[in-house]
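What follows is one structure encoded as C-alpha cells, with my remarks underneath.
None of the values given here were measured: they were computed from a predicted structure. A note on names: the letters A, B, ... follow the listed sequences, proteins ahead of strands, and every chain is numbered from 1.
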Amino acid sequence: MEIERISRNAVRFSGVCFDPQLVLIDSAQVFHWRAEGPAFEGVSGGRTARLTPEGDGFLLEKCADGEETYWTRYFDLTRDYEALRRDAALCPAALEALEKLPGMRILRQPAWEALVAFIVSANNNVGRIRRIVRALIDELGENGAFPTPGILAAAGEEKLRRLGCGYRAPFLIGSARMVAEGFSLESLAEISYEEAHAELLRLPGVGDKVADCVQLFGLGQSEAFPVDVWVERAMRQWVAPEARNKKEIRRAAHALFGDSAGLIQQSLFHCARMGLISLDAPQKNA
DNA sequence: CTCCAGGAACCGT
DNA sequence: ACGGTTCATGGA
C-alpha cells in the first residue's frame, strides 16, 4: 500500500484491497457512514472523512496532515488478510464466504463508538440501528461528531427514547456513565480476550454478543466471534450442528478458526444475511 | 394480525 | 449453569 498526500486536506491510498461499500455500509460493522454518490462520508474520533474509490485504492478528503495514520488504522489497511484466510481452510463454507468478499476489512473503531452502536443493535434490525445511531450523532453530537460518554450520560432517558432507542435507553445511559466515570474501554485492548470479555460484561446492555462486537470492531481482538441469529444458522449448518447454545458455537469457532475467527464471522454473517450462501432457513434481503 | 431483527436482563429451576 | 419470558420499535 502507498499513501500520497496530494493537498492540504486530501490523501490518496493506492495498492490496497478495500471495498468501502461492503465495509462501511453493507456489512453492518459500523452504522453511521453514508453513501454520497460515488463517495462515502463518516466521522470517527472527532474527525471527518470523505472517501472516494479510485483505481486500486481511494481518495480521502477532509484529511488534515497527520490524520492519515488514524484512518489507516481505522480501515485496518495494513493487516495481511491473505494470511488470515488460511485458517478458514478447514471449513469449506467459511472459505467460500471469504472468497466472495475480497474487499472485506475488520474496522478498528474507537471502542466507545462500537459500544454505543452495538448496545443499540440488541434485538434490532440493521435499518433501525442505522437510523438510531444517525439520530444520536445528529441530535446529541457536537457539530456532527460522535457523542461523547459525558454527553450520552447526561442525555435524559426520555430523549433517547424519542430517538428510537426503546428499552435500550437506560442501558446506553448506564454504560455511558460508567465510561465517563473512569471505566477504561481502550485499555481493554492491552489484556487478553477472555479478560476483556469479562470486563465488558459489567456494562449494562452488554452480553456475550455485544461484548464480542466491541472486542472485534473496537479493540482489534481478532479472535472475537459474535454469534447473532445469522451466524448461528450458518454455524449450525456447516460447523457445529450439535451445538446446544451460542456459547458452544463460539467455542467451536475458536477451536476451528483461532485468531481468524473474527474475519470469518464477519464474512459468514454478511453472506448469510444477504443470501450469498445457501441456508436451510429462509433467506432475506437488506 | 403475527413474526422478526447483529440480545440482554431478569427470573425461576 | 441453564432455559423461558419480557423488553420497544417498525417493517414485512
Side-chain angles (χ1 to χ4, degrees), chain A residues 22-33 97 101 104 106-107 109 111 113-136 139 155-176 178 197-219 221 224-236 242-251 253 261-277 279-286:
Chain A
L22 174 64
V23 174
L24 300 174
I25 308 288
D26 295 339
S27 74
Q29 49 183 307
V30 66
F31 300 93
H32 64 273
W33 283 76
L101 308 173
M104 180 66 86
I106 301 297
L107 293 176
Q109 305 170 50
E113 296 177 9
L115 175 66
V116 171
F118 283 97
I119 288 176
V120 170
S121 81
N123 195 24
N124 211 338
N125 61 66
V126 172
R128 269 193 87 238
I129 298 164
R130 285 200 185 102
R131 198 171 57 73
I132 294 168
V133 174
R134 171 51 55 188
L136 292 175
E139 299 292 323
E157 178 177 333
E158 279 312 308
K159 172 70 171 177
L160 296 187
R161 286 183 180 272
R162 277 196 299 277
L163 298 181
C165 296
Y167 62 86
R168 310 165 193 85
F171 299 157
L172 283 172
I173 292 172
S175 281
M178 286 179 63
H197 195 84
E199 280 298 300
L200 286 166
L201 293 183
R202 295 171 46 211
L203 297 166
V206 178
D208 283 330
K209 160 65 169 59
V210 171
D212 272 326
C213 287
V214 173
Q215 294 182 264
L216 182 58
F217 305 125
L219 293 173
Q221 294 180 328
F225 192 87
V227 180
D228 74 325
V229 294
W230 294 104
V231 171
E232 179 174 11
R233 287 169 195 158
M235 290 290 285
R236 281 189 191 286
E242 75 290 353
R244 294 187 301 106
N245 52 49
K246 293 182 177 180
K247 197 174 292 287
E248 289 190 5
I249 291 175
R250 194 170 51 141
R251 278 200 292 112
L263 175 65
I264 292 168
Q265 179 276 155
Q266 187 58 16
S267 301
L268 281 176
F269 166 76
H270 181 75
C271 286
R273 192 170 79 90
M274 294 299 166
L276 299 177
I277 51 180
L279 282 178
D280 292 336
Q283 298 169 13
K284 294 179 68 175
N285 297 320

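Rounded to an integer number of Å, the gap from L163(A) CG to dG10(C) P is 12 Å. Here dA8(C) presents its P atom at 14 Å from CG of L172(A), a figure rounded to the nearest Å. Here dT5(C) presents its C1' atom at 12 Å from OH of Y167(A), a figure rounded to the nearest Å. Residue N125(A) contributes atom CG, which lies 14 Å from atom P of dT9(C) at whole-angstrom precision. Distance CD1 (I173(A)) to C1' (dA8(C)): 15 Å, rounded to an integer number of Å. In this structure, the CD atom of E232(A) is 14 Å from the C1' atom of dA5(B), given to the nearest Å. When rounded to the nearest whole Å, the span between CG of N123(A) and P of dC7(C) equals 12 Å. Taking atom CZ of F31(A) as the reference point, atom C1' of dA5(B) lies 11 Å away to the nearest angstrom.
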So V206(A) and V214(A), side-chain contact (heavy atoms from CB on, under 4.5 Å) or not? Walk me through it. CA-CA 9 Å; V206(A) 178; V214(A) 173; 5.8 Å; no
Should R250(A) and D212(A) be marked as a salt bridge (charged side-chain N to carboxylate O under 4.0 Å, His left out) after you check the CA-CA gap, both sets of side-chain angles, and the distance that decides it? CA-CA 10 Å; R250(A) 194 170 51 141; D212(A) 272 326; 3.5 Å; yes
Verdict with reasoning, V227(A) to M235(A), per side-chain contact (heavy atoms from CB on, under 4.5 Å): CA-CA 9 Å; V227(A) 180; M235(A) 290 290 285; over 6 Å; no
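With dG3(C), dA5(B), dC7(C) as the candidates, the nucleotide lying closest to the side chain of W230(A) is dA5(B). Looking at the side chain of V210(A), the nearest of the listed nucleotides dA8(B), dA8(C), dG10(C) is dA8(B). Residue R244(A) places its side chain closer to dC2(C) than to any other of dG7(B), dT9(C), dC2(C). For R131(A), whose side chain is taken as the heavy atoms from C-beta onward, the closest listed nucleotide among dA9(B), dG10(C), dA8(C) is dG10(C).
Within 4.0 Å (heavy atoms only), V126(A) reaches sugar-phosphate atoms of the nucleic acid but no base atom. Base engagement by Q266(A) is indicated by at least one non-hydrogen atom pair under 4.0 Å involving a base atom. Residue-level contact check: S27(A) touches the bases, meaning some heavy atom is under 4.0 Å from a base atom.
Across the P atoms, dC11(B) and dA8(C) are found 15 Å apart, a figure rounded to whole Å. One P atom belongs to dA8(B), the other to dG11(C), and the distance between them is 24 Å to the nearest Å.
Between V206(A) and I129(A), the one whose closest nucleotide on DNA chain B sits nearer the 5' end is I129(A).
Ring pair F118(A)/F217(A) is parallel by interplanar angle, where below 30° counts as parallel and above 60° as perpendicular.
Other residues, nucleotides and ligands contribute more than 12 heavy atoms inside 6.0 Å of the NZ atom of K159(A).
Taking 4.0 angstrom as the limit, R233(A) places a side-chain polar atom (N or O) nearer than this to OP1 or OP2 of dA5(B).
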